[in-house]
Amino acid sequence: MNQSEQRPDPQDSLAHEPASGSLSARARAAVAPQSPYLNGLNPEQRAAVEATEGPVLVLAGAGTGKTRVLTTRIAHLIATGKAYPSQILAVTFTNKAAREMRERITSVIGPVAEGMQWLGTFHSIGTKVLRRHAELVGLRSDFTILGTDDQLRLMKQVIEAEGIDEKRWPARQLAGHIDGWKNRGLGPDQVAAGEAGAFANGKGGRLYRAYQDRLKTLNAVDFGDLLLECLRLWREHPDILEQYQNRFRYMLVDEYQDTNVAQYLWLRLLAQARKNLCCVGDDDQSIYGWRGAEVDNILRFEHDFPGATVIRLERNYRSTGHILSAASGLIAKNQGRLGKTLRTEDEPGEKVSITGAWDSEDEARLIGEEIEALHAKKHPLSEIAILVRISAQMREIEDRLVTLGVPYRVIGGPRFYERAEIRDALAYLRVVNQPADDLAFERIVNVPKRGLGDATIQVLHNHARAARVPLVEAARFIVETDELKPKPRATLRDLLISFGRWAKLSETLSQSEVAQTVLEESGYTDMWQKDKSADAAGRLENLKELVRSMEEFPDLQSFLEHVSLVMEANESDTTERVSLMTLHAAKGLEFDTVFLPGWEEGLFPNQRALDESGRAGLEEERRLAHVGLTRARRRAKIFFASNRRIHGLWNSTVPSRFVDDLPETNVEILEAPANFSYGGSRFDRMQPFSGSSYQTPGWQRAQAHRASTDDGGYSARRSGDRRGPVLIEGELVAKSSGGSGFAVGGRVLHTKFGPGTIEAVDGNKLTVEFDKAGRKMVLDSFVKAMG
DNA sequence: AAGCGGATTTTTTTT
DNA sequence: AAATCCGCTT
């Protein structure tokens with residue numbers, strides 16, 4: 001990064017004492033007494049900017065100007081001379097957020113902001129710290145950062161080395177455990193024995209330790225280590241911790257609700273000394289609990305940092321009245337929250353619409369029609385987003401958009417550097433750069449296929465382990481023996497010669513030229529050119545992009561660093577398109593019009609989230625709904641379908657409880673079949689949420705299971721074997737199903753499932769044994785009584 | 001060593 | 001329905 005040349009700045013002498021009282025600082029403060037950057041802030045925002053000393057928690061609801069507060073606060077610290085740019089630690093979660101913040105600070109106070117060398121993600125800052133003190137935690141400063149795939153490969157090796165059946169105890173699962181431990185700041189020695197023992201008959205802790213040992217041998221770390229090793233470093237070397245505590249006069253954290261325990265500990269160590277820690281976040285937007293984020297961190301802030309100032313930003317500058325009230329009403333149903341009430345001075349605007357569709361295809365069709373109508377009214381497509389709960393919902397919507405010729409773009413998906421072709425290309429470069437990189441070598445030794453399969457690799461491994469040398473070294477030895485069959489032996493020899501040649505090349509050619517050559521001569525480019533699958537062209541495109549982007553870096557080392565932590569696909573596509581993404585990917589974005597399909601029980605709230613995390617899971621799902629709604633500036637449109645195919649099977653579904661959580665005055669029901677009438681649906685849920693009944697096997701699975709195993713007669717069923725609370729019946733049936741009067745034993749005809757016999761009546765839901773389709777639960781409006 | 005076919009699995013995703 | 005994985009065959 002560019003270092004600031006503007007003025008003397010104690011950037012590299014960590015021991016240099018702060019200079020807030022210095023003449024230069026005071027002089028600089030005097031230059032800008034008016035602080036023009038503070039203009040236009042509302043009182044709360046201004047308070048958040050000016051409360052520079054001590055712990056501060058800024059609870060910033062959606063659309064309340066959070067980023068503005070954060071950037072202005074940094075500008076304020078610098079402009080008033082309270083700190084040099086290099087003395088401010090500013091942490092974000094994504095590189096994108098870090099980049100945007102840097103840009104915005106620059107636009108407020110100019111290029112001084114370039115001197116903020118400690119603005120970045122937890123991981124990039126952790127990397128920086130570790131590289132400086134690598135030897136103290138048993139690494140060399142040029143350690144490599146492993147991606148998920150390398151990690152998995154390594155774990156497989158560890159599991160096998162311990163003589164454990166990888167099929168019974170999959171590496172993926174172990175990776176999950178280790179990841180979880182690292183998220184919680186636990187090293188191999190700190191994991192509770194009972195917990196570690198749950199994996200592989202008590203070998204969990206041992207595998208964790210073995211994995212860490214292997215990482216050290218390879219001079220590698222995984223993402224979790226970037227934080228964990230910092231913790232260890234600081235705990236074991238208080239003098240070094242002190243240097244950092246002195247350096248970081250002010251600390252800021254964005255999206256605090258997403259921090260995990262390790263990150264919390266990391267921050268706490270640093271903040272202990274000066275306590276100038278400002279955390280900005282929104283407990284109502286915590287949606288990453290499933291990957292270790294602890295909402296508790298934000299809920300407990302005042303407790304953890306006594307004397308903390310808490311500032312609430314509740315003025316929303318994004319959405320119109322109805323949307324905001326709908327979102328507020330929804331989130332108010334959550335128990336565990338600090339409580340904020342968003343308000344707007346904007347007009348009420350359109351109500352949030354709720355549309356019932358017959359099935360998911362119908363739903364996609366309705367959305368497509370509305371988009372076309374909006375487009376016809378000159379609504380820019382780039383201001384329209386469709387937010388889904390799970391990626392699987394995208395396909396049908398994409399199909400529809402393609403049919404209609406509506407241009408769209410999918411946001412999210414696999415990251416550029418996670419793609420196989422990029423990882424492969426990088427692996428080649430890693431081996432050229434550092435032949436001892438076993439993981440990289442193993443990855444590409446047989447890509448493209450050269451006939452060096454498992455058997456050959458095994459031989460290499462055996463020698464490498466016996467002689468305690470890297471695989472490449474072992475390979476050099478083996479090709480001189482006759483241990484391998486002639487063919488693989490010759491192939492391997494050729495490959496080694498190639499690597500030698502490429503390494504020489506890198507002395508004279510530029511990095512990107514070397515990459516180009518390696519990819520061509522190794523046959524890698526060729527492999528994709530011969531590939532006839534649909535995405536082969538895209539992959540070649542990505543490889544080109546990779547080679548091109550290398551030109552911007554002085555050496556391979558810094559490029560690899562960049563790529564393992566930062567690199568993203570370039571999204572410089574400015575064409576007019578509708579955006580399609582998951583709700584998770586939508587956080588932080590906003591659009592004029594937002595479509596929210598799939599608000600059905602089981603899908604959203606997601607059944608699995610409920611099964612695995614109970615009430616906490618439900619609340620996180622509700623926060624997700626809240627995030628979805630608050631993405632909309634002027635129009636939010638909710639959809640649900642009565643039939644949806646899940647894993648290839650048609651299921652009839654029931655509107656999400658979140659639909660019922662919306663205040664009636666802020667919504668309008670469109671095209672809803674009679675029985676979806678809003679007032680009624682809130683009273684006749686299939687199964688009101690009540691802890692115990694939702695605990696384990698998912699309601700739907702339980703339902704399905706019951707349907708398939710319980711083939712007893714009516715008597716058993718009629719005698720009230722229905723689990724869970726008793727539902728209000730009768731009244732609504734009479735009201736909504738009018739003359740139909742469905743009764744147990746009656747014959748009905750369903751548009752999709754054909755004829756069947758009613759097994760049970762439950763409000764406006766019927767359990768029907770269909771002649772062809774088996775037992776299903778359907779809404780009575782979708783069947784006709786048969787004579 | 002590689003490729004086919006049956007079996008199994010199926011959320012959300014950053015670094 | 002689809003994609004991925006695993007094991008068996010060639």
Side-chain angles (χ1 to χ4, degrees), chain A residues 91-98 120-127 145-148 151 166-167 170-172 176 179 182-183 221-228 254-255 258-260 262-263 286-293 360 387-396 399 411-418 445-458 484-485 487-488 491 533 561-568 581-588 598 602-613 617 620-621 623-625 627-628 644-651 698 701:
Chain A
V91 200
T92 62
F93 269 84
T94 63
N95 292 296
K96 191 168 158 229
T121 62
F122 277 105
H123 299 270
S124 65
I125 292 170
T127 308
I145 302 165
L146 262 41
T148 345
Q151 228 178 100
E166 208 265 326
K167 270 156 239 150
R172 273 197 92 77
D179 216 44
K182 290 188 175 179
N183 282 155
V221 296
D222 63 20
F223 284 117
D225 288 338
L226 293 175
L227 294 165
L228 217 52
D254 192 13
E255 308 275 19
D258 288 336
T259 49
N260 59 35
Q263 288 158 340
S286 162
I287 55 176
Y288 286 110
W290 50 272
R291 67 175 197 217
S360 42
L387 311 182
V388 297
R389 176 62 182 85
I390 60 170
S391 307
Q393 286 173 263
M394 290 187 184
R395 189 182 214 107
E396 272 180 302
D399 284 351
I411 312 261
R415 297 278 156 285
F416 187 68
Y417 65 85
E418 285 290 345
V445 68
N446 201 28
V447 179
K449 299 254 188 288
R450 327 185 145 86
L452 300 173
D454 289 347
T456 313
I457 306 300
Q458 205 51 52
L484 290 174
K485 292 194 179 113
K487 214 159 145 193
T491 316
S533 63
E561 168 92 338
H562 169 81
V563 116
S564 61
L565 281 173
V566 182
M567 197 153 168
E568 292 157 44
M581 69 193 95
T582 63
L583 286 159
H584 285 89
K587 192 162 76 146
L603 177 61
F604 189 37
N606 187 270
Q607 191 59 50
R608 195 155 156 185
L610 299 182
D611 289 348
E612 285 171 10
S613 318
E620 182 154 314
E621 294 287 302
R623 290 194 291 269
L624 202 47
V627 166
R644 189 174 296 271
R645 205 164 30 186
I646 299 165
H647 309 326
L649 295 169
W650 281 99
N651 289 71
R701 248 171 285 156

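In the text below, chain A, chain B and the rest are named by the order of the sequence lines, each starting its count at 1.
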d(A:Gln393 CD, A:Ser360 OG) to nearest 0.5 Å is 9.0 Å

*Looking across every strand, which nucleic acid part, if any, lies under 4.0 Å from A:Ala585 by heavy atom: base, sugar-phosphate, or nothing?*
nothing

Here the distance between atom C1' of B:dT11 and atom CD of A:Glu612, to the nearest Å, is 9 Å

note: A:Ile287, atom CD1; B:dT13, atom P; distance rounded to Å ~ 9 Å

In whole angstroms, the gap separating C1' of B:dT12 from CD of A:Glu620 amounts to 9 Å

Is there any protein nitrogen or oxygen under 3.5 Å from a nitrogen or oxygen in nucleotides 8-10 of chain B, and what are the pairs?
from: B:dT10; atom 1: O3'; to: A:Arg608; atom 2: NH1; distance (Å): 3.2

When rounded to whole Å, the CE to P distance for the pair A:Met394 and B:dT12 reads 9 Å

Rounded to whole Å, the CG-C1' distance (A:Asp399 to C:dA1) equals 12 Å

Across all chains, not counting sequence neighbours, the side chain to side chain contact (heavy atoms under 4.5 Å, CB included) partners of A:Ser286 are A:Gln257, A:Val295, A:Arg623

Any A:Thr456 side-chain N or O less than 4.0 Å from OP1/OP2 of B:dA1 = yes

Across all chains, not counting sequence neighbours, the ring pair (Phe, Tyr, Trp, His ring centres under 6.0 Å) partners of A:Phe93 are A:Phe122

Where do N or O atoms of nucleotides 2-7 of chain B meet protein N or O atoms at under 3.5 Å, pair by pair?
from: B:dA2; atom 1: OP1; to: A:Gly451; atom 2: N; distance (Å): 3.3
from: B:dA2; atom 1: OP2; to: A:Asn446; atom 2: ND2; distance (Å): 3.3

> Taking the side chain from A:Asp225 and the backbone from A:Leu228, do they hold a donor-acceptor pair closer than 3.5 Å?
Replying inline: no

Whole-Å distance, A:Ile411 CD1 to B:dT13 C1', equals 15 Å

Problem set entry | Heavy-atom side-chain proximity of A:Leu484 to A:Thr456 below 4.5 angstrom | yes

DNA chain B nearest-nucleotide lookup for A:Asp454 and A:Leu624: closer to the 5′ end is A:Asp454

With sugar-phosphate taken as primed atoms, P, OP1 and OP2 and all else as base, the protein-contact string of nucleotides 2-10 of chain C at under 4.0 Å (heavy atoms; B, S, -) is -S---S---

Interatomic distance, CD@A:Gln607 vs CD1@A:Ile646, rounded to 0.5 Å, equals 9.5 Å

Here the distance between atom C1' of B:dT12 and atom CG of A:Asp611, to the nearest Å, is 15 Å

Winner on side-chain proximity to A:Ala455, out of B:dA1, B:dT13, B:dT11, is B:dA1

For A:Asp258 and A:Lys587, the nearest pair of non-hydrogen atoms, with its separation, is OD2-NZ, 2.5 Å

Distance col, row A:Asn183:CG vs A:Tyr288:OH, nearest 0.5 angstrom, shows 14.0 Å

Stacking between B:dT15 and A:Phe93, yes or no? Criterion: centroid separation under 5.5 angstrom, plane angle under 30 degrees. no

#### Entry: Main-chain N/O of A:Gly451 paired with A:Asn446 side-chain donor or acceptor, under 3.5 Å
yes

Requested in this report: Would you classify A:Arg645 as touching base, sugar-phosphate or nothing, given that sugar-phosphate means primed atoms plus P, OP1 and OP2, and contacts are heavy atoms under 4.0 Å?
Outcome: sugar-phosphate

Applying side chain to side chain contact (heavy atoms under 4.5 Å, CB included) to A:Val445 and not counting sequence neighbours gives A:Phe441, A:Leu452, A:Ile457, A:Leu495

In this structure, CZ of A:Arg395 is separated from CZ of A:Arg645 (nearest 0.5 Å) by 10.0 Å

So CD1 of A:Ile287 and CD of A:Glu255: to nearest 0.5 Å the spacing works out to 9.0 Å

Original post:
When rounded to the nearest Å, what value does the distance between P atoms of B:dT13 and C:dT4 take?
Top reply: 16 Å

Whichever of A:Thr148 and A:Ser391 has the more 5' nearest nucleotide on DNA chain B, that residue is A:Ser391

From NE2 of A:His584 across to P of B:dT15 the rounded distance in Å is 15 Å

